[in-house]
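Because only heavy atoms are used, hydrogens play no part in the values below, and waters and symmetry mates are left out as well, while side chains stay in. Below, chain A is the first sequence line, B the second, and so on; all start at residue 1. All of these numbers come straight from a predicted model, not from anything done at the bench.
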There are 2 protein chains.
Amino acid sequence: MMELTRKGEYAIRGIVYLAGKPIDKVCLLSDIAAAVDVPPTFLAKIFQQFSKIGLVKSFRGTGGGFLLGRAAENITLLEVVEAVEGPIIPNRCVVTPSDCERSDFCNVHPVWKRVQGEVRSVLEGVNLKELASKERSDINN
Amino acid sequence: MMELTRKGEYAIRGIVYLAGKPIDKVCLLSDIAAAVDVPPTFLAKIFQQFSKIGLVKSFRGTGGGFLLGRAAENITLLEVVEAVEGPIIPNRCVVTPSDCERSDFCNVHPVWKRVQGEVRSVLEGVNLKELASKERSDINN
DNA sequence: CCCCAAAAAGACTATTTATATCTTTTTAGG
DNA sequence: CCTAAAAAGATATAAATAGTCTTTTTGGGG
C-alpha cells in the first residue's frame, strides 16, 4: 500500500534532472524524457502541471523548453510529489477535521494524522539540490 | 496519494470491533458488518484473509463466528493493515534492495526507505487494545 | 441421518484510477 | 509565414478497487 504512481515517479525523475542542469539551461522536453526514460507525452502532461504552479518555467516555440521555476534548494520533494499526486492522505478521514463522522469516537483517526505528519515531514526535509547532487547524501538503502 | 483503500478501512473497523468485545465472545460476521457499517460480503472476504494468518479464529456452522486470534494488545495496526493491503511500499524501488536498477545513483531511493520506516514505525506502535478502548488515547485530530 | 446455520471458496461484475497516446491549438523566433 | 516547441483536449487501454452472487464445506442439534 501507499505506493507512489508512475506519474509521481516520472515527475520526480524529470524535475530532478532539471535540477541537475545549470540554472539557465533551457531543456527540451524530449531530451528530458529520453534522459530519464519516461514516455515524452506523459512527461509533457506532468510538466504542464508543474508549469501551472510555477515549479518549472516553460517557453514555447523555437528555442523553447523548460527551466526550474526556483532555485533547486528551495523546492522540496513534498512539493513535487503533491503537485502531481495531490496531498498526502493516508486515509480519507484525515482530509478535513470535520469530514469524518467517525472521528469523534475513532481512535485510529489520530494515528493516520501522525502518519500523515511523518511522511510530510520526511518529504519536506529533502530538496531538489540534494536529490540532484552526484554525492550520495545518505547511506545507500 | 498514499491512501488506504476501503478494504483496509473496513478491515480495521471490523477487527477493532472484535477487539472491543470480551475475549471469548464469538461474533457473527453479519453482526460485525452491521455494527461497523460495511458490506457483509466484503467483510467476509477480509475476515477470511485474517483467518488464514491467524489474526482471527473462525468457527463454522451453528454457533459459529469469529474471535480475535490473539490478545488485542499483541496485534499491531501494522499487522492488520499489511494483512489486507500488503506491505508498506511508498515506491516500487524499495521493494527489494536489488530490485531498482536506478538505486545506485538515485538519491531519492533512501528517502523512500525513510518514509517506509516512519510509516511502519507509527503503525507498529499502536495495538488493537488501544484502538478499541473507549478512552481517547490521543488528542483528537 | 438429516436439516440448518455459518463461514470458505470461487466466479463474476461494475466502477474508478492509472497509464498512457493522438490530435489540434497556441505561442514564439527567424 | 514557416517552423519549433509547449499547451490543451480528447480518446484508449489496462489494472485495481469495490463489491456481489453462487456453491461448497463444516459443524451442531434433533
> Does the pair A:R114/B:E118 count as a salt bridge with the N-to-O cut at 4.0 Å?
Replying inline: no

>> Contact list please: residues 18-34 of chain A against DNA chain D, heavy atoms, distance less than 4.0 Å, in numerical order.
In response: A:L28, A:L29

> Can any side-chain N or O of B:E124 pair as donor or acceptor with the backbone N or O of B:L77 at less than 3.5 Å?
Replying inline: no

>> If you only use heavy atoms from C-beta on, which nucleotide in D:dT17, C:dA7, D:dA7 is closest to the side chain of A:S58?
In response: D:dA7

> When only distance counts, do a donor and an acceptor, one from the side chain of B:K45 and one from the base of C:dA9, lie under 3.5 Å apart?
Replying inline: yes

>> Output the rounded distance in Å from CD (A:E9) to C1' (C:dA20).
In response: 16 Å

> So how far is it from B:E79 CD to B:I15 CD1, rounded to the nearest 0.5 Å?
Replying inline: 8.5 Å

> Going by atom types only, do A:N107 and B:E130 share a side-chain donor-acceptor pair under 3.5 Å?
Replying inline: no

> Would A:M2 and B:V95 show up in the same hydrophobic cluster when neighbours are defined by side-chain heavy atoms closer than 4.5 Å?
Replying inline: yes

> Taking the side chain of B:T5 as its heavy atoms from C-beta onward, which of D:dA18, D:dA8, C:dA9 lies nearest to it?
Replying inline: D:dA18

> Between C:dT17 atom C1' and A:R6 atom CZ, what is the distance in whole Å?
Replying inline: 14 Å

>> Taking the nucleotide of DNA chain D with the nearest heavy atom to each, does B:P39 or B:E85 sit closer to the 5' end?
In response: B:E85

> Hey, what do you get for CG (B:L123) to CG (B:L78), rounding to the nearest 0.5 Å?
Replying inline: 5.5 Å

>> Between B:Y10 and D:dA18, is there a contact of a side-chain N or O with OP1 or OP2 at under 4.0 Å?
In response: no

> Between the side-chain atoms of B:K7 and the base atoms of D:dG19, is any donor-acceptor pair under 3.5 Å?
Replying inline: no

> How would you label the contact of A:T41 with the nucleic acid (heavy atoms, under 4.0 Å): base, sugar-phosphate, or nothing?
Replying inline: base

> Is it true that a side-chain atom of A:E73 and a backbone atom of A:L128 form a donor plus acceptor pair closer than 3.5 Å?
Replying inline: no

> Can you check the A:L67 CG to D:dA6 C1' distance for me, whole Å?
Replying inline: 13 Å

> If you round to the nearest 0.5 Å, how far is NZ of A:K25 from CG of A:L68?
Replying inline: 14.5 Å

> Of A:K52 and A:G64, whose nearest nucleotide on DNA chain D comes first from the 5' end?
Replying inline: A:G64

> Are OP1 or OP2 of C:dA7 and a side-chain N or O of B:S51 less than 4.0 angstrom apart?
Replying inline: no

> To the nearest Å, how far apart are A:F42 CZ and D:dG9 P?
Replying inline: 18 Å

> Which whole-number value in Å describes the distance from A:Q49 CD to D:dG9 C1'?
Replying inline: 14 Å

> How many Å lie between CZ on B:R92 and C1' on D:dA16, as a whole number?
Replying inline: 12 Å

> Nearest-Å distance, CD1 (A:I46) to P (C:dA18)?
Replying inline: 13 Å

>> Over all strands shown, is B:F66 touching base, sugar-phosphate only, or nothing at heavy-atom distances under 4.0 angstrom?
In response: sugar-phosphate

> Could B:R92 and A:E3 be called an ion pair, given the rule that one side-chain N must be under 4.0 Å from one carboxylate O?
Replying inline: yes

> How would nucleotides 24-30 of chain C be written as a contact map, 5' to 3', with B for base contact, S for sugar-phosphate-only contact and - for no contact, using protein heavy atoms under 4.0 Å?
Replying inline: --BBBS-

>> Between B:E82 and B:R120, does any NZ, NE, NH1 or NH2 come within less than 4.0 Å of an OD or OE carboxylate oxygen?
In response: yes

>> Expressed as a whole number of angstroms, how long is the span from B:Q48:CD to C:dG10:C1'?
In response: 10 Å

